[in-house]
Structure formats: structure tokens, C-alpha cells
Amino acid sequence: MSTDVRNPSREEVLADTHETLRAVARTLESLGTVGDLAPEAATEVVDGPTAPDPGPEPTLGMGLEQEEFRTPLQRLALFLAESYGELAGILEGLRETRGVLQRAEVTRLQLMNATLQEVSSHTEVATTDMLDGLERSLALVDELELAQMAAPDGNPVNGGRVNGADPQTAGTDAGSPAADPEVTRDRLRDELHQVMQHLQFQDITSQRIGHASDVLADVEQRLLLLMGTLERYGFVIPQGDEEPNEATPSGAHADTCDPSATTADAESRQAMADDIFG
Amino acid sequence: MKFLVVDDSPTMRRIVVNSLKRIGYSEIVEAGNGEEGLEVLDPSVEFVITDWNMPVMGGLDMVRAIRSSPDTASLPILMVTTRSVRDDIVQAAQAGVNNYVVKPFTPQVLKEKIESVLEKMKGAA
């Protein structure tokens with residue numbers, strides 16, 4: 001049985017544990033029944049992860065170094081002492097593995113935190129853009145009202161212009177020389193359409209949030225499994241040693257969300273698509 | 001020209017529909033995923049605009065289904081999606097998408113891509 005206790009993989013730990021248990025089973029078979037065991041030896045095995053204490057070196061000073069002088073019970077005691085030392089090493093390796101796993105989960109959560117902050121930032125930008133658009137729209141409504149007041153009979157003055165304003169360059173502030181109502185209406189329509197376009201952020205951010213939600217649910221499941229194992233054995237066994245994978249969500253939103261969805265760089269990303277489609 | 005707009009996000013569907021109306025197309029049917037899209041796809045539909053990531057059936061699977069049917073194999077399809085990794089775009093092209101629009105888009109880009117697809121199909125005919 002050999003184990004690199006400094007950094008054993010899960011497979012190595014399981015293989016070594018399996019091998020040890022099989023060896024114990026073989027020895028017990030050769031002895032007959034478990035009842036032949038000395039109570040001290042049985043207690044030592046059952047107690048589990050206490051400090052590894054091989055005991056008073058059963059092989060030294062007792063004539064046990066020579067195989068022919070050992071009784072089956074002495075051989076079992078010797079074997080159990082060796083196995084216990086190895087198991088202690090394995091458990092130490094498990095502790096280290098647990099630490100690696102915990103660090104990986106922390107990294108994953110930090111990534112999700114960054115994602116949510118980005119979503120929050122995009123939401124703020126989109127909201128600001130929409131507010132700007134709505135303010136410009138309100139100003140245009142004021143401008144239309146001003147134009148209507150200037151021509152109460154419904155007929156535009158000055159050949160479609162109020163106060164001689166150029167409809168293409170008229171200001172948008174309420175109280176400024178009113179523009180051609182038709183031009184103002186077109187500009188108002190444009191502004192409202194732009195506000196609607198800004199609402200695309202909702203689809204994009206909801207995909208990011210969906211992905212973050214899946215990752216958090218996955219982390220929660222892993223932690224629950226770890227807690228279950230901890231409660232049973234007092235040690236943590238990782239359920240998987242793979243690194244967090246941002247690109248492959250497996251939760252409820254896996255089919256409906258794009259983890260890399262973003263409102264940024266739309267032009268350059270569109271240019272890449274144009275390049276491929278010619 | 002009658003359009004089919006497929007997107008699981010009602011907000012995005014409204015934005016696409018609004019953009020289409022703004023650029024002069026007013027006959028539009030909508031669907032919330034690829035399966036629903038195939039259900040409402042009839043001979044009167046002349047152009048399909050679809051998202052990629054959707055529940056039940058995604059846009060790419062719907063495109064493959066459309067291309068595999070002799071009745072709809074030559075239907076123009078435009079994909080409008082957040083996915084903008086090169087491999088994804090290539091995959092969409094290989095599946096049979098005629099052109100690709102990255103979200104967020106402007107009505108002008110949508111108009112250009114629709115016209116580009118129609119011109120190419122007219123040239124090929």
C-alpha cells in the first residue's frame with residue numbers, strides 16, 4: 001500500500017482505503033471471527049481519526065520481529081497499527097483536499113460576485129440612457145405644445161416653422177424657438193424607439209443572472225454534500241475535483257442563458273459575425 | 001412579407017417586432033421557443049428571426065429542423081442572439097443560418113441584415 005499523503009488525489013485515497021480494507025478483511029478471515037480481536041485493537045479501529053498512535057511498538061522487544069514467533073493475533077495487531085498510520089496519513093490528505101475544494105468554491109463565488117456587479121453596472125447604464133431619452137422626449141412634447149400654442153388654429157406659422165426656426169436644427173429645450181411640429185414628432189418617435197432599444201439590457205442581464213443562479217445552486221449542492229460527509233465521518237470528501245467552469249452551467253437555466261452575454265462591444269462582436277457571414 | 005420572430009424573452013420579442021414595424025414590416029407572428037416556432041411555421045411565413053438560447057428547443061435545433069424539411073429548407077433565417085464567440089457564429093452558419101445579429105442591436109443593423117439576406121437569396125434564385 002503506498003500513498004502520497006502530501007497531496008493524494010481522490011482516486012488514490014479511495015484505492016488505498018479500499019486496498020487497506022480488503023487486507024483487513026483477508027486477515028480477519030484468516031483469524032476466524034472478529035471476536036478473537038483484543039478489545040483494545042477493536043476500539044482503536046472504530047474510534048477513527050484520533051491522533052495516530054501506533055501504540056507500544058508491538059514488533060519491538062517482544063520477539064515479534066521474527067515472523068515465525070508471531071501469533072495470528074499479533075500479526076493482526078501489527079497490521080492494524082500500520083494500517084492506522086496510513087489511514088491517518090490519508091485523512092490528512094483529505095483535509096488538504098478539502099482546503100483546495102474550499103478555495104475553488106470561494107473563487108467561483110468571487111466570479112459570480114463580479115458577474116452580478118457587472119450586471120448591476122449595465123442595469124445602471126441602461127437605466128440612465130432610458131432616463132435621458134425620456135427627458136429628451138418630454139422636452140419634445142413641451143416643444144410640440146409650444147408650437148401648438150403659437151398656432152392655435154392648428155396651422156403652422158411661417159410655412160411650417162415657428163419664429164422662423166430651422167426644423168433640422170431647432171433646439172429641444174422647452175421654451176426655445178419651436179420647430180416644425182412634424183419634425184419634432186419624428187424626433188420624439190426616434191427618442192421613444194431608442195428608449196425601447198435600451199430595454200434589450202433586460203434580456204442580456206437576465207441571462208447573466210440566470211447563470212449566476214445556477215452556479216450558486218451548484219455550490220450549495222456541493223456544500224450540502226460536504227456537510228453530510230462531515231457529519232458522518234468528521235472529514236470532508238470532495239464530490240469532484242474539477243475546477244469551476246464558467247462556461248458550462250448545468251442548472252435550470254443552462255439552456256436559456258448565455259454566460260458570456262454582455263451589452264458591451266456590440267459593434268466589434270457584430271463585425272466578427274459580419275466577417276464570418278460575409 | 002410575413003416574419004416569424006422566435007425568442008423566449010417577451011421583452012426581446014417586443015423589441016424585435018417593434019424594430020421590424022419601424023423598418024416597414026408589419027406582418028409578424030411570434031413564438032417563445034423553437035418548438036413553438038415550428039408549430040406556427042406555415043407556408044405564409046417568408047422570413048424567420050430567431051434567438052439561440054431558449055428552453056424546450058433552442059434556435060439552432062429549430063434552424064436544423066427547418067433546413068431538414070423540403071418545404072422550408074430554403075426559408076431565410078436570421079439569428080439574433082447574445083452569443084458572439086467565433087465558434088458559436090461558425091456553428092450557426094454551419095447549421096444553415098443566413099445571417100447573424102449580435103444583441104444588443106439597432107433597427108438599422110436589423111434592416112441591413114434582412115436586406116442582405118433577401119438580396120443574396122434573390123441573387124441565388
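Heavy atoms of Asp274(A) lying under 4.5 Å from chain B belong exclusively to its side chain. In this structure, the portion of Asn98(B) lying under 4.5 Å from any heavy atom of chain A is its backbone and not its side chain. Both the backbone and the side chain of Asn99(B) come within less than 4.5 Å of a heavy atom of chain A.
The minimum heavy-atom distance between Ser84(B) and Met272(A), with the atom names listed, is O-CE, 2.7 Å. A pairwise comparison of heavy atoms in Ala266(A) and Pro104(B) identifies CB-O, 3.5 Å as the closest pair. Closest non-hydrogen pair, Gln270(A) versus Val101(B), comes out as OE1-CA, 3.3 Å.
Under a 3.5 Å cut-off, the side chain of Gln200(A) and the backbone N or O of Met12(B) do not form any donor-acceptor pair.
Other residues, nucleotides and ligands contribute at most 12 non-hydrogen atoms within 6.0 Å of the CD atom of Glu182(A). Counted within 6.0 Å of NZ on Lys21(B), heavy atoms from surrounding residues, nucleotides or ligands total 12 or fewer; the atom is thus considered open. With a 6.0 Å radius and a threshold of 12 heavy atoms from other residues, nucleotides or ligands, Glu124(A) has its CD atom at or below the threshold.
Two residues are said to be in side-chain contact when any heavy atoms from C-beta on lie closer than 4.5 Å; Phe277(A) and Val97(B) meet this criterion. Side-chain contact between Thr106(B) and Glu267(A) is absent, with no heavy-atom pair separated by less than 4.5 Å.
Heavy-atom pairs under 4.5 Å with chain A were tallied for Lys120(B), Arg14(B), Lys113(B); the largest tally goes to Lys113(B).
Residues Asp275(A) and Arg86(B) are paired through a salt bridge, judged by an N-O separation under 4.0 Å between the basic side chain and the carboxylate.
Atom-to-atom distance recorded for Asp203(A):CG and Lys103(B):NZ is 4.0 Å, nearest 0.5 angstrom. The line from OG1 of Thr11(B) to CG of Leu199(A) is 7.0 Å long, rounded to the nearest 0.5 Å. Between Arg269(A) atom CZ and Thr81(B) atom OG1 the span is 9.5 Å, to the nearest 0.5 Å.
Counting only N and O atoms by type, the side chains of Asp258(A) and Thr82(B) include a donor and acceptor under 3.5 Å apart. Looking only at atom types and distance, the side chain of Ser19(B) has a donor-acceptor partner in the side chain of Gln197(A) under 3.5 Å away.
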